[in-house]
Amino acid sequence: MKGVFMKPIQEEEITDLADLFKIFSDSTRLRILFSLMDGEKNVTELTQDLDMTQSNVSHSLSILKTNKLVKPRRDGKAIYYSLADDHVKTIIAMGRDHIEEE
């Protein structure tokens, strides 16, 4: 991991990284990401799992999709969402490890 920090970073990359971490700063979006760690779900399932309104879930999913953290899959009229890739799990796991350190 040290090698990642050895190369110079461009200002644009810093801005993009800051924007990515802003996405993780919302508890609703994090709750959705945690729920999707169990597998793909549609908006109704997420609404029930998280005891949230469909509007809140849909709005947060839109932000997560725009930022490439979740991906949709259409099945007839239903749209199922899943984590975009394993990087999302890794970021969350590393964050949890960090806050659980003594």
Side-chain angles (χ1 to χ4, degrees):
M1 197 67 163
K2 280 185 176 181
V4 172
F5 298 107
M6 299 294 278
K7 70 178 192 172
I9 188 165
Q10 301 296 316
E11 190 63 35
E12 182 179 339
E13 289 177 293
I14 290 175
T15 301
D16 290 346
L17 190 56
D19 289 343
L20 173 67
F21 284 121
K22 284 179 194 175
I23 302 305
F24 287 96
S25 70
D26 179 82
S27 61
T28 298
R29 292 189 292 259
L30 274 176
R31 290 178 66 206
I32 290 170
L33 292 172
F34 270 105
S35 183
L36 292 176
M37 288 176 124
D38 294 334
E40 70 176 13
K41 297 181 181 178
N42 63 30
V43 173
T44 302
E45 292 169 319
L46 288 167
T47 298
Q48 292 169 349
D49 287 354
L50 304 174
D51 193 28
M52 298 172 66
T53 66
Q54 183 176 345
S55 176
N56 281 348
V57 170
S58 294
H59 176 72
S60 293
L61 280 169
S62 176
I63 293 169
L64 292 168
K65 186 175 98 172
T66 298
N67 288 278
K68 301 175 185 164
L69 296 174
V70 299
K71 61 184 176 186
R73 179 185 67 81
R74 181 174 291 279
D75 184 14
K77 291 183 179 181
I79 299 175
Y80 291 88
Y81 293 88
S82 61
L83 297 179
D85 56 38
D86 286 337
H87 292 116
V88 179
K89 287 182 182 180
T90 301
I91 292 167
I92 292 171
M94 291 179 81
R96 285 185 85 179
D97 287 348
H98 181 73
I99 63 171
E100 292 172 357
E101 285 180 353
E102 292 189 24

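Starting from 1, each residue takes its place in the sequence as its number.
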Open item on the list: Working to the nearest 0.5 angstrom, can you tell me the gap between Tyr80 OH and Asp75 CG?
Closed with: 5.5 Å
- [ ] Assess whether atom CG of Asp51 is packed by more than 12 heavy atoms of other residues, nucleotides or ligands within 6.0 Å.
- [x] no
Task: Same apolar cluster: Leu36 and Met94, side chain cutoff 4.5 Å - done: no
Task: Side-chain (Asn67) to main-chain (Leu69) donor-acceptor, under 3.5 angstrom - done: no
- [ ] Would you give the length of the straight line joining atom CG of Asn42 to atom NZ of Lys77, rounded to the nearest 0.5 angstrom?
- [x] 14.0 Å
Task: Whether Gln48 side chain and Glu45 backbone form a donor-acceptor pair below 3.5 Å - done: no
TODO: Would you check if the side chain of Arg31 reaches a backbone N or O of Leu50 as a donor-acceptor pair within less than 3.5 Å?
DONE: yes
Task: Separation between NE2 of His87 and CD1 of Ile92, rounded to the nearest 0.5 Å - done: 13.0 Å
TODO: Please examine the side chains of Ile91 and Leu20, heavy atoms only from C-beta on, and report whether any two atoms are closer than 4.5 Å.
DONE: yes
Open item on the list: Side chains of Pro72 and Lys65, heavy atoms from C-beta outward: is any pair under 4.5 Å?
Closed with: yes
- [ ] Calculate, to the nearest 0.5 Å, the distance between atoms CG and CD belonging to Leu61 and Gln54 respectively.
- [x] 10.0 Å
Task: Neighbour count >12 (heavy atoms, 6.0 Å) for atom CD, Gln10 - done: no
TODO: Report yes if the side chains of Leu17 and Glu13 come closer than 4.5 Å at any heavy-atom pair, otherwise no.
DONE: no
TODO: Please answer whether the main-chain N or O of Ile32 pairs with a side-chain N or O of Ser35 as donor and acceptor at a distance below 3.5 Å.
DONE: no
Task: Partner of Ile23 by side chain to side chain contact (heavy atoms under 4.5 Å, CB included), out of Leu33, Thr66, Leu64 - done: Leu64
Open item on the list: Rounded to the nearest 0.5 Å, what separates atom NZ in Lys89 from atom CG in Leu83?
Closed with: 6.0 Å
Open item on the list: Quick check on Arg96: does its CZ atom have over 12 non-hydrogen neighbours (other residues, nucleotides or ligands) under 6.0 Å away?
Closed with: no
Task: From Phe34 atom CZ to Ser27 atom OG, the distance as rounded to the nearest 0.5 Å - done: 11.5 Å
